[in-house]
Amino acid sequence: MRFLRRVLERFRSNPASGRFAIAAIMSVTIAAVLAGALLMWVFDRDNYPTYGGAVWFTLQTVTTVGYGDTTPTSGLGRSVAAVVMLCGIGLITVVTAAITSIFIEAARFRMEQSRAEAEVDSPHPLERMAETLTEIAERLERLEASHRADDRGPSES
């Protein structure tokens, strides 16, 4: 109980932690497989005469593999299977979202890093504009000087 309280307290303090979210989903999934198997074994002994067979059924159901080698025939067995299926769908959804989140975070980090490097390497836009205007002014002065020299002609030089 103390362990469970500590885990719940850590989860409350940082609910966005991927590690705790994955641990919680995995724990619920494992509990659903074991509890579902126990319920299937107890209430549907015709289809699942051994606990191992019931675990195999709930495991293939929660992973959405569903070989179909055995299926529950009782109403309670089908209800348990439905709960196990929903846990499996939730597991796949959360794992997919966690992996996607990792990829997105890595891409965002790389973009921010390259943006920061670009800002360090290149001057501020106003500085670039001032440099460009200075270059234009120097070029204009050279053109004007060249034009004045052409206007004076070779005899005036």
(message) Nearest 0.5 angstrom please: L133 CG to R128 CZ, how far?
(response) 13.0 Å

(request) Output all residues satisfying salt bridge (charged side-chain N to carboxylate O under 4.0 Å, His left out) with R108, sequence neighbours left out; order by chain, then residue number. (result) E105, E112

(message) Looking at every non-hydrogen atom in both residues, tell me the closest pair between G77 and M40 and how far apart they are.
(response) O-SD, 3.4 Å

(message) Going by the rule side chain to side chain donor-acceptor pair (under 3.5 Å), which residues pair with T134 if we only count those two or more places apart in sequence or in a different chain?
(response) none

(message) Who clusters with M111? Use side-chain heavy atoms, under 4.5 angstrom, across I, L, V, M, F, W and Y, and order the result by chain and number.
(response) none

Distance-only check: which donor-acceptor pairs under 3.5 Å involve side-chain atoms of residues 25-38, not counting sequence neighbours?
residue: S27; atom: OG; partner: A23; partner atom: O; Å: 2.8
residue: T29; atom: OG1; partner: I25; partner atom: O; Å: 2.7

(request) Quick one: closest heavy-atom pair of T71 and Y48, and the distance? (result) C-OH, 3.4 Å

(request) Flag the pair T73 / D44 as yes when at least one side-chain heavy-atom distance between them is below 4.5 Å, and no otherwise. (result) yes

Could you pull out every donor-acceptor pair under 3.5 Å between side chains of residues 78-93 and any protein atom, sequence neighbours left out?
residue: R78; atom: NE; partner: P72; partner atom: O; Å: 3.3
residue: S79; atom: OG; partner: G75; partner atom: O; Å: 3.0
residue: T93; atom: OG1; partner: I89; partner atom: O; Å: 2.8

(request) Output the distance between atom CG (D46) and atom OG (S74), rounded to the nearest 0.5 Å. (result) 8.5 Å

(request) Following the transitive rule for hydrophobic clusters with a side-chain heavy-atom cut-off under 4.5 Å over Ile, Leu, Val, Met, Phe, Trp and Tyr, establish whether W41 and W56 coincide in one cluster. (result) no

(message) If I compare all heavy atoms of T63 with all of L59, which pair ends up nearest, and what's the gap?
(response) OG1-O, 3.0 Å

(request) List in chain and number order the residues that pass salt bridge (charged side-chain N to carboxylate O under 4.0 Å, His left out) with E138, two or more places apart in sequence or in another chain; answer none if no residue qualifies. (result) none

